[in-house]
Chemist: 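This is the structure I have questions about; it appears just below.
Just so we're clear, the structure is a prediction, and the values are computed from it rather than from any experiment. Sequence lines set the chain letters: A, B, ... in the order given, protein chains first and strands last, and positions in each chain run from 1.
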Amino acid sequence: MLRTQTCGDLRKSHLGEAVTLCGWVDKYRDHAGIVFIDLRDRYGKTQVKFDLAENSDIQKSARGLRHEDVIQVTGKVCARPDGQANPKLATGEIEVLVRDMVVLNKSATPPFEPDGQTLPNEELRLTHRYLDLRRPALQKHMLLRHQLAKAVRDYFDRLDFLEIETPMLGRSTPEGARDYLVPSRVHEGAFYALPQSPQLYKQILMVAGYDRYYQIARCFRDEDLRADRQPEFTQIDVEMAFVERDDIFRIIDGLVAEMVRTVRNEELPLPLPRYTYQEVMETYGTDKPDLRFGLPIVDVSEIVRDSGFGVFKQAVEQGGRVRGLCVKGAAEKFSRRILDNDLKNLVGEYGAKGLAYFKVAGGKLESSIAKFLNDEQQQAVIAKMQGEDGDLLLYVADAWKVSCAALAALRNRLGRELELYDPASINAAWVVDFPLLTWNPEENRWDAEHHPFCSIVDEDVQHLAGDPGKIRAQSYDLVCNGYEAASGSIRIHDSAIQQQIFDLLNISPETAQAKFGFLLDALKYGAPPHGGIALGFDRWVMLFAGCDNIRDVIAFPKTQRAGDLMTGAPSQVDSRQLRELHIKIDAAAAQPGKPESAETVKTPNG
RNA sequence: GGGGCCGUAGCUCAAUUGGUUAGAGUACCGGACUGUCGAUCCGGGGGUUGCGGGUUCAAGUCCCGUCGGCCUCGCCA
């Protein structure tokens, strides 16, 4: 070892010991006769001192040290003089008086300093990710990620789950997300697909008798990115045989509690609450509500349908709804400009044609449109909204789906802006009874809401023939702080029922056989009832880290255009490689200017 | 595919109505200094204002295009 301790280890108890430390030069303070270096590694920082009186040669060379140089120092642990301790450092009571130093590696002037006061833009951070990852904040996230992964493995191990790896090179299946494809050299014109999830493999593992499976699995989806979505991401993938929905809930409740215990040292009250899809859509307008605060959506359609306000009236007449939020004590918190521009534009992004608002004052409604509601209607609205003087009432009058999306977005923004919750808190709950199918008007057919292997609620079998839209799926989401944090279902284990669902989805027996024949075959050979779930691991790390983008908890994330700014991936490849893969590039697509090799990436000092 | 924000020194930012030689802090280089810890003080170098067009007597500023980053709608079974 090149060191005896780390830069986070030394305390007063080490006084007088000879130690050797290695690390990066974090800060240097040169006083000519004495030089202080803050030496940093991932465990902490230690002040090391070069004194002219101690070793003049070393002291002189120490004056040449700069940010991010890597050095090894040997010396004695000394107490700092009275009043010179640094309470900001865990090692702040001591310093190391250096007798000997080796510059292990001189650093070029870094484009930014890992301990800088201001964070450079993300483009630069991603280009020099090795510097970004030296930042204590990101090191904390990587540690958190490791601790959570370990907690997950320990938990499942205790419960007799087996971690089983499934292939990365698989077969492309229809529906779902766009696949990342890998061309085959051996099979001309054929492609593997990287897994969107290990869904089919884990079901087959159930058939194979591995009744408790989990995997921390990498998944790939070639879809557009978001703050909480990366093209490659990590799922905690779980599947169990001989279980019902409640068994899954119990196991996953325990997992979430274990994670909270591990990283927060808190006991999460169990079981986690459960809400139906209908409930949360009515009350929060989304299937992934942020339950850290109230601010429920209230429907006043029946009250205002007969009012003199055309917008409300027509919305209801056309089969839509008039729904709104009662924002407590906020009557004076938003200027007319904010209401008529910012908030109206916000709901407009979700298709809402407008935003109506009232203030509650003197037990009545106040606003430019209050006159269209008579006294009785005003009282009914206030009562239904549970409004009081000083409250602000906001309404979207539109089709059901539009009012859901618009009010959900509005509710999230108000919750955040008005600080209606503790941003560090974790609030998880189950959402159950999703519809099995959604009608696809473009294709004129039913689409699976979850996936085509999802079983249905027993008593809804009656709707299979008549009213498929009413069928509830035995599927469930775990939502946390407004994110979809997990999603799963009880699967179909009967090939005949599976075929019925394929019929509904307009997947012919021939197509089904061609695409998922291996699964249908497997289901014929003694498939146990089974079900499972997958948790978005990156999102959970993000939630526990208290940050709002997934890139900050992934060591080497990709940009919104799915590029890696550090390596320059994706890149063009050698024509020989393409020939071997039997691939010809369309000349128009081969234009330069797309993501390129790392050589074109801007480097410091030219 | 659509909407929005952004791009000026290595970095973080400023630059009046379109107006003179594009500034500051920090980093970097040189010098001073034996108790600092965002060290301090003195001096210095550093600019294709992302890129390409256009308007104008004059463009960092206005217009068009393009590249890149972020947020978002669609998309993500």
Chemist: Does a distance-only test, which skips hydrogens and angles, find a donor-acceptor pair under 3.5 Å between the side chain of A:R551 and the base of B:C70?
Modeler: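 Absent.
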
Chemist: If you compare every side-chain N and O of A:R226 against the phosphate oxygens of B:C73 (OP1, OP2), does one of them come in below 4.0 Å?
Modeler: yes

Chemist: For the residue pair A:R29 and A:Q47, confirm or rule out a side-chain donor-acceptor distance under 3.5 Å.
Modeler: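 Per modelled atom types, A:R29 and A:Q47 side chains form a pair under 3.5 Å.
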
Chemist: Mind checking what makes side-chain hydrogen bond (donor to acceptor under 3.5 Å, both in side chains) contact with A:D552, not counting sequence neighbours?
Modeler: A:R125

Chemist: Could you tell me which nucleotide pairs with B:C41 by Watson-Crick or G-U wobble geometry, both distances under 3.5 Å, or answer none if nothing does?
Modeler: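 Its partner is B:G31.
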
Chemist: Which residues pass the side-chain hydrogen bond (donor to acceptor under 3.5 Å, both in side chains) test with A:R11, sequence neighbours left out?
Modeler: none

Chemist: For A:Q235 and B:C76, give me the distance from atom CD to atom P, rounded to whole Å.
Modeler: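 Going from A:Q235 (CD) to B:C76 (P), I get 16 Å.
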
Chemist: B:C70 P sits how many Å from A:K558 NZ, rounded?
Modeler: 13 Å

Chemist: For nucleotides 32-42 of chain B, give me one character per nucleotide, 5' to 3': B if any protein heavy atom sits under 4.0 Å from the base, S if the only such contacts are to the sugar-phosphate, - if neither.
Modeler: -BBBBBBB---

Chemist: In whole angstroms, how far is the C1' atom of B:C71 from the OH atom of A:Y350?
Modeler: 10 Å

Chemist: Is there a donor and acceptor pair, one atom on the side chain of A:N121 and one on the base of B:G7, closer than 3.5 Å?
Modeler: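 Checked by distance alone, the answer is no.
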
Chemist: Please state how far atom CG in A:L225 lies from atom C1' in B:C76, giving the value in whole angstrom units.
Modeler: 10 Å

Chemist: Which whole-number value in Å describes the distance from A:E349 CD to B:C5 P?
Modeler: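 Atom-to-atom, A:E349 to B:C5, this comes out as 12 Å.
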
Chemist: Counting heavy atoms from C-beta on, name the nucleotide in B:U72, B:C70, B:C76 closest to the side chain of A:T559.
Modeler: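 The nucleotide sitting nearest to the side chain is B:C70.
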
Chemist: Establish, with yes or no, whether the OP1 or OP2 oxygen of B:C75 is under 4.0 angstrom from a side-chain nitrogen or oxygen of A:R178.
Modeler: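 So the side-chain polar atoms of A:R178 never come under 4.0 Å of the phosphate oxygens OP1 or OP2 of B:C75.
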
Chemist: Please identify which of these residues, A:L97, A:I34, A:V73, meets the side-chain contact (heavy atoms from CB on, under 4.5 Å) condition with A:F50.
Modeler: A:V73

Chemist: With sequence neighbours left out, write down each residue that passes side-chain hydrogen bond (donor to acceptor under 3.5 Å, both in side chains) with A:D340, or none if nothing qualifies.
Modeler: A:Y357

Chemist: Counting any heavy atom closer than 4.0 Å, what does A:Q199 reach on the DNA or RNA strands: base, sugar-phosphate only, or nothing?
Modeler: base

Chemist: A:L124 near the nucleic acid: base, sugar-phosphate alone, or nothing, with a heavy-atom cut-off under 4.0 Å?
Modeler: sugar-phosphate

Chemist: Is it the case that the base of B:C76 and the side chain of A:R229 share a donor-acceptor contact (distance under 3.5 Å, atom types as modelled)?
Modeler: yes

Chemist: Kindly write out the residues that satisfy salt bridge (Lys or Arg N to Asp or Glu O under 4.0 Å) with A:D287, not counting sequence neighbours, or none if the list is empty.
Modeler: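 By the salt bridge (Lys or Arg N to Asp or Glu O under 4.0 Å) rule, A:D287 matches no residue at all.
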
Chemist: What's the CG-P distance between A:D224 and B:C71, to the nearest Å?
Modeler: 12 Å

Chemist: Provide, to the nearest angstrom, the distance between the CD atom belonging to A:E223 and the P atom belonging to B:C73.
Modeler: 14 Å

Chemist: I'd like to check the ring pair (Phe, Tyr, Trp, His ring centres under 6.0 Å) partners of A:Y28; sequence neighbours left out, ordered by chain and number.
Modeler: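 For A:Y28, the residues satisfying ring pair (Phe, Tyr, Trp, His ring centres under 6.0 Å) (neighbours in sequence not counted) are A:H67.
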
Chemist: Return the value, rounded to whole Å, for the distance between atom CD of A:E122 and atom P of B:G7.
Modeler: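 Answer to the nearest Å: 16 Å.
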
